[in-house]
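Below: the structure, in structure tokens.
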Amino acid sequence: MRIATWNVNSLRSRIGRVEAFLQRHDVDVLAVQETKAREEQLPLMGLSSLGYDVAAAGVDQWNGVAVISRVGLEDVAVGFPGQPGWGEPAVTEARALAATCGGVRVWSLYVPNGRKPGDPHYTYKLQWLAALREAARAMTGDTALVGDWNVAPTDDDVFDVAQFKNSTHVTPPEREAFQGFLDDGWDDVVRPHTPGPGVYTYWDYFRQRFERNRGLRIDFVLGSPSLSSRVTGAFIDVDERAGKGASDHAPVVVDLAD
DNA sequence: ATGGTAGAGTGTCTA
């Protein structure tokens, strides 16, 4: 089984690339972030003709997440237990959707960006990660926490840390929040197959960052121990970031033994 | 410190 995660930066504007990606790599389950569509604008008919079902949630003008699957889409849930204020207008920027696909529990996550250290959105980001970690501790079975974490866990995951002074994604509290998941037994199942430095999943649209490989590694697949033991390979589809009409993130793909 | 690009939708806001 092949699963993937991709921040598509608008599902509607990227639908052609999404369909081509699914077919090119024979993907069974794709978690997407930043759908930027309202619920009534989904599902997209092209996907169903390819055999995929779509579950979307938390859709608004800027964010939103979805899971696209051709191996089942069961027990769909939005949010996670214990998160304060879930669903209220003030927190609509942050989303999580879970679905069981082919026996694997897949969580499509869009961690809040945080905007600036000290900003209320930054505080909320840390609270959101803490709430997710707490909920994740209760998860059992083959589970994958996938998506745009908006955290670059180490300096190797940033093209130039000096440029990120006073910026989000690299602050110690954010990195500690991410590390907490690893401490709890979640594995970054992609890194062993894509060693760095210089390996990224996101390149800003500005200043030809992709062409110069000045990016960040902020999209992750964290596997539960039982899922992690099934991983046979992983890659970042860097080529998908090239050319006109690309998302600013590349897809991350993971293969699982049956 | 600012700006650069892209996507949502018409005013800017967000990333």
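Here is the naming used below: chain letters follow the sequence lines, and residue numbers restart at 1 for every chain.
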Which whole number of Å gives the distance between the [atom1] atom of [N] and that of [M]?
N       : M       : atom1 : value
dT10(B) : dT5(B)  : P     : 23 Å
dG7(B)  : dA1(B)  : P     : 29 Å
dT14(B) : dG4(B)  : C1'   : 15 Å
dT2(B)  : dC13(B) : P     : 16 Å

Value in whole Å for how far the [atom2] atom of [N] lies from [atom1] of [X]:
X       : N       : atom1 : atom2 : value
N113(A) : dA8(B)  : CG    : C1'   : 16 Å
D248(A) : dG4(B)  : CG    : C1'   : 14 Å
D148(A) : dG7(B)  : CG    : C1'   : 15 Å
D204(A) : dT2(B)  : CG    : P     : 17 Å
K36(A)  : dT14(B) : NZ    : P     : 12 Å
K165(A) : dT2(B)  : NZ    : P     : 17 Å
N150(A) : dT14(B) : CG    : P     : 15 Å
R95(A)  : dT14(B) : CZ    : P     : 15 Å

- Query: Taking the nucleotide of DNA chain B with the closest heavy atom to each, which residue, N7(A) or K244(A), is nearer the 5' end?
  - Reply: K244(A)
- Nearest nucleotide by nearest heavy atom, which residue falls closer to the 5' end of DNA chain B, R209(A) or G245(A)?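 Closer to the 5' end of DNA chain B: R209(A).
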- Message: Quick check, does F206(A) stack with dG4(B)? I mean ring centres under 5.5 Å and planes off by under 30°.
- Response: yes
- Under the salt bridge (Lys or Arg N to Asp or Glu O under 4.0 Å) test, which residues partner R214(A), sequence neighbours left out? none
- Go through the structure and list residues passing salt bridge (Lys or Arg N to Asp or Glu O under 4.0 Å) with R241(A), not counting sequence neighbours.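 Result, salt bridge (Lys or Arg N to Asp or Glu O under 4.0 Å) vs R241(A): none returned.
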- Just say parallel, tilted or perpendicular for the rings of H249(A) and Y202(A), cut-offs at 30° and 60°.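 H249(A) vs Y202(A) ring planes: tilted.
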- Just call it for R14(A): base, sugar-phosphate, or nothing, with non-hydrogen atoms closer than 4.0 Å on any strand. sugar-phosphate
- Query: Looking at dA15(B), dT5(B), dG9(B), which one has an atom nearest to any side-chain atom of Y205(A)?
  - Reply: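 So the side chain of Y205(A) is nearest to dT5(B).
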- Among dG7(B), dG9(B), dA15(B), the nucleotide that comes nearest once only the side chain of R115(A) is considered: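 From the listed options, dA15(B) comes nearest.
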- Query: Quick one: are L216(A) and D157(A) in side-chain contact, heavy atoms under 4.5 Å?
  - Reply: no
- Task: Decide, yes or no, whether a salt bridge links R133(A) with D183(A) under the criterion of side-chain N to carboxylate O below 4.0 Å.
- Result: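 Salt bridge between R133(A) and D183(A), a charged N being under 4.0 Å from a carboxylate O: no.
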